[in-house]
Number of protein chains: 2
Amino acid sequence: MQIAEPLLVAIEELSKLPGIGKKTAQRLALHILKNDNDRVDSLIKSIKDLKTKLRFCSRCFNLSEEELCEICKSSKRDISLVCVVEEASDVIAIEKTHEFNGLYHVIGGVLSPLTGVTPDSLKIKELLKRFENENIREVILALNPDTEGETTSLYIAKLIKPLGISVTRIARGLPIGGDLEFADEATIGRAMLNRISI
Amino acid sequence: MQIAEPLLVAIEELSKLPGIGKKTAQRLALHILKNDNDRVDSLIKSIKDLKTKLRFCSRCFNLSEEELCEICKSSKRDISLVCVVEEASDVIAIEKTHEFNGLYHVIGGVLSPLTGVTPDSLKIKELLKRFENENIREVILALNPDTEGETTSLYIAKLIKPLGISVTRIARGLPIGGDLEFADEATIGRAMLNRISI
């Protein structure tokens, strides 16, 4: 097969991205090839800027352009409320709901002894340090509802509770628009257990 | 919502790629952010090289790093056979089969009066010119089996036949591994019509 070298390299590089296989990578590469130089330049610039202009907020480890992120800098947020999430993408997901007005703390993953993720490789120490300097009333744990997420939640809760700070976890239950018939037993079971009076 | 500007811009740029929606673009951007600088640099370089190092072969309009593409330059190909395809990606697809040993001609699309693609915007003139300089015996039309592809095939065949050159078209039929039960009527009909003796 005689594929030109630069195309092969670009396919190789693009297919390293998550969810992008060789076929998709080839389609992307050929699409980029057909684009104007201007459009390709702005794509390249945006990727470059990602690495050069963004860093982690020194307080909550959310993505930020400056020392403190927009959320930590805002005077409109409830600073007595901290929501603990795994990744910066979770901050975006929660912000989209407009249901939360507190601050965040991105721990950067979940505990997973098998893959070598210990408490020290997460930003848990940094979370505990915030309780010394900030007047935090409640910590909401919003980790993913899987085994590692649950374990990490329990681990963090155990560390925080002795400090006299209220610890909550976001609710598990049927997703809005979901169908009882197609939900799994664990989800329905949790939804029954966590029923609320109306 | 408080998403950092560089991230927003990268999501916007990545979601312009085909088949990449906002959600996928966000996942890609956050993945790139977590990568080492070295890996991001090689991704950027590969995209840049696509535009700077590749051009179109002056003979067959396949992608090439030099004036003539690897296939046109090769002394091992049957130069009396030319396969006409829509896009450079089709050359890659056919080369992967190892069933074709002739040359190619990439016309760059199909006739589509509605979207303004006329014979002049395709490399059809350039194909006809090749008959003057090259000793071509057979032209194989390998355009996509849809209405526009069929129309374009007929258009090209009509131009070539008077020159005394044999014109063929790749077969339509059931795809290998396909299931008769789930094939559409048009495909089964074509497969019946084009049956061959065994």
Side-chain angles (χ1 to χ4, degrees), chain A residues 1-14 16-20 24 26-37 39-55 57 62-66 69-71 73-74 87-89 91-93 95-98, chain B residues 1-14 16-20 24 26-37 39-55 57 62-66 69-71 73-74 87-89 91-93 95-98:
Chain A
M1 214 190 352
Q2 314 262 25
I3 302 186
E5 182 69 17
L7 183 57
L8 267 186
V9 174
I11 292 173
E12 186 63 36
E13 286 294 329
L14 287 167
K16 284 180 192 163
L17 295 173
I20 308 282
T24 310
Q26 183 184 309
R27 209 176 63 229
L28 294 181
L30 290 168
H31 175 90
I32 291 169
L33 243 167
K34 276 202 242 169
N35 268 352
D36 303 337
N37 278 326
R39 284 190 64 173
V40 177
D41 286 345
S42 60
L43 172 67
I44 289 174
K45 186 176 177 304
S46 77
I47 295 175
K48 218 179 251 167
D49 285 353
L50 268 186
K51 289 298 280 187
T52 53
K53 290 199 181 162
L54 282 182
R55 50 175 158 169
C57 170
N62 183 20
L63 294 172
S64 177
E65 289 178 86
E66 294 167 50
C69 74
E70 291 292 319
I71 296 172
K73 271 194 305 187
S74 169
E87 303 286 355
S89 52
V91 172
I92 299 174
E95 284 296 287
K96 277 184 184 160
T97 68
H98 300 290
Chain B
M1 214 188 353
Q2 313 263 24
I3 303 185
E5 182 69 18
L7 183 59
L8 266 185
V9 174
I11 292 173
E12 185 62 36
E13 285 296 329
L14 288 166
K16 285 180 190 163
L17 295 172
I20 308 281
T24 310
Q26 182 185 310
R27 208 175 65 230
L28 294 180
L30 290 168
H31 176 90
I32 291 169
L33 242 169
K34 276 201 240 168
N35 268 353
D36 303 337
N37 279 325
R39 286 190 63 174
V40 176
D41 285 346
S42 60
L43 172 66
I44 289 175
K45 185 175 177 305
S46 77
I47 294 176
K48 218 179 249 170
D49 285 353
L50 268 186
K51 288 298 281 187
T52 52
K53 289 198 181 163
L54 282 181
R55 49 175 159 169
C57 170
N62 183 19
L63 294 173
S64 176
E65 288 177 86
E66 293 167 51
C69 74
E70 291 292 319
I71 296 172
K73 272 193 305 189
S74 168
E87 303 287 354
S89 51
V91 172
I92 299 174
E95 283 296 288
K96 277 184 184 162
T97 69
H98 299 290

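Sequence lines set the chain letters: A, B, ... in the order given, protein chains first and strands last, and positions in each chain run from 1. Both backbone and side-chain heavy atoms feed into the values below; hydrogens, waters and symmetry mates do not.
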Original post:
Does atom NZ of A:Lys34 have more than 12 heavy-atom neighbours from other groups under 6.0 Å away?
Top reply: no
**OP:** Side-chain contact test, heavy atoms from C-beta onward, threshold under 4.5 Å: evaluate it for B:Lys16 versus A:Leu43 and give yes or no.
**Re:** no
Subject >> Choice from B:Leu7, B:Thr97, B:Thr52, B:Asp41 maximising heavy atom contacts with chain A below 4.5 Å >> reply: B:Leu7
Original post:
Rounded to the nearest 0.5 Å, how far apart are CD1 of B:Ile47 and CD1 of A:Ile32?
Top reply: 4.5 Å
Subject >> Selection from B:Ser89, B:Ser42, B:Ala29 maximising heavy-atom pairs under 4.5 Å formed with chain A >> reply: B:Ser42
**OP:** Could you check which of A:Glu5, A:Glu65, A:Lys53, A:Glu87 has the highest count of heavy-atom pairs closer than 4.5 Å to chain B?
**Re:** A:Glu65
Original post:
Taking all non-hydrogen atoms of both residues, which atom of A:Pro18 and which atom of B:Leu28 are closest, and how far apart?
Top reply: O-CD2, 3.6 Å
Original post:
Using non-hydrogen atoms only, which part of B:Leu30 is less than 4.5 Å away from chain A: side chain, backbone, both, or neither?
Top reply: side chain
Subject >> Side-chain heavy-atom pair B:Val40, A:Leu50 within 4.5 angstrom cut-off >> reply: no
Original post:
What distance separates B:Thr24 OG1 from A:Ile20 CD1, expressed to the nearest 0.5 Å?
Top reply: 7.5 Å
Original post:
Is the side chain of B:Lys51 donor-acceptor paired with the backbone N or O of A:Asn35 at a distance under 3.5 Å, no angle test?
Top reply: yes
**OP:** Could you tell me which portion of B:Lys48 (side chain, backbone, both or neither) has an atom closer than 4.5 angstrom to a non-hydrogen atom of chain A?
**Re:** both
Original post:
OG/A:Ser46 to CG/B:Leu8 distance, rounded to the nearest 0.5 angstrom?
Top reply: 11.5 Å
Subject >> Segment of B:Ile11 engaging chain A (4.5 angstrom heavy-atom cut-off) >> reply: neither
**OP:** Taking all heavy atoms of A:Glu13 and all of B:Arg39, pick out the closest pair and write down the distance.
**Re:** OE1-O, 4.1 Å
Original post:
Side chains of B:Val9 and A:Asp49: does their closest heavy-atom pair fall under 4.5 Å?
Top reply: no
**OP:** Sort A:Glu12 into side chain, backbone, both or neither according to what part of it lies under 4.5 angstrom from a heavy atom of chain B.
**Re:** neither
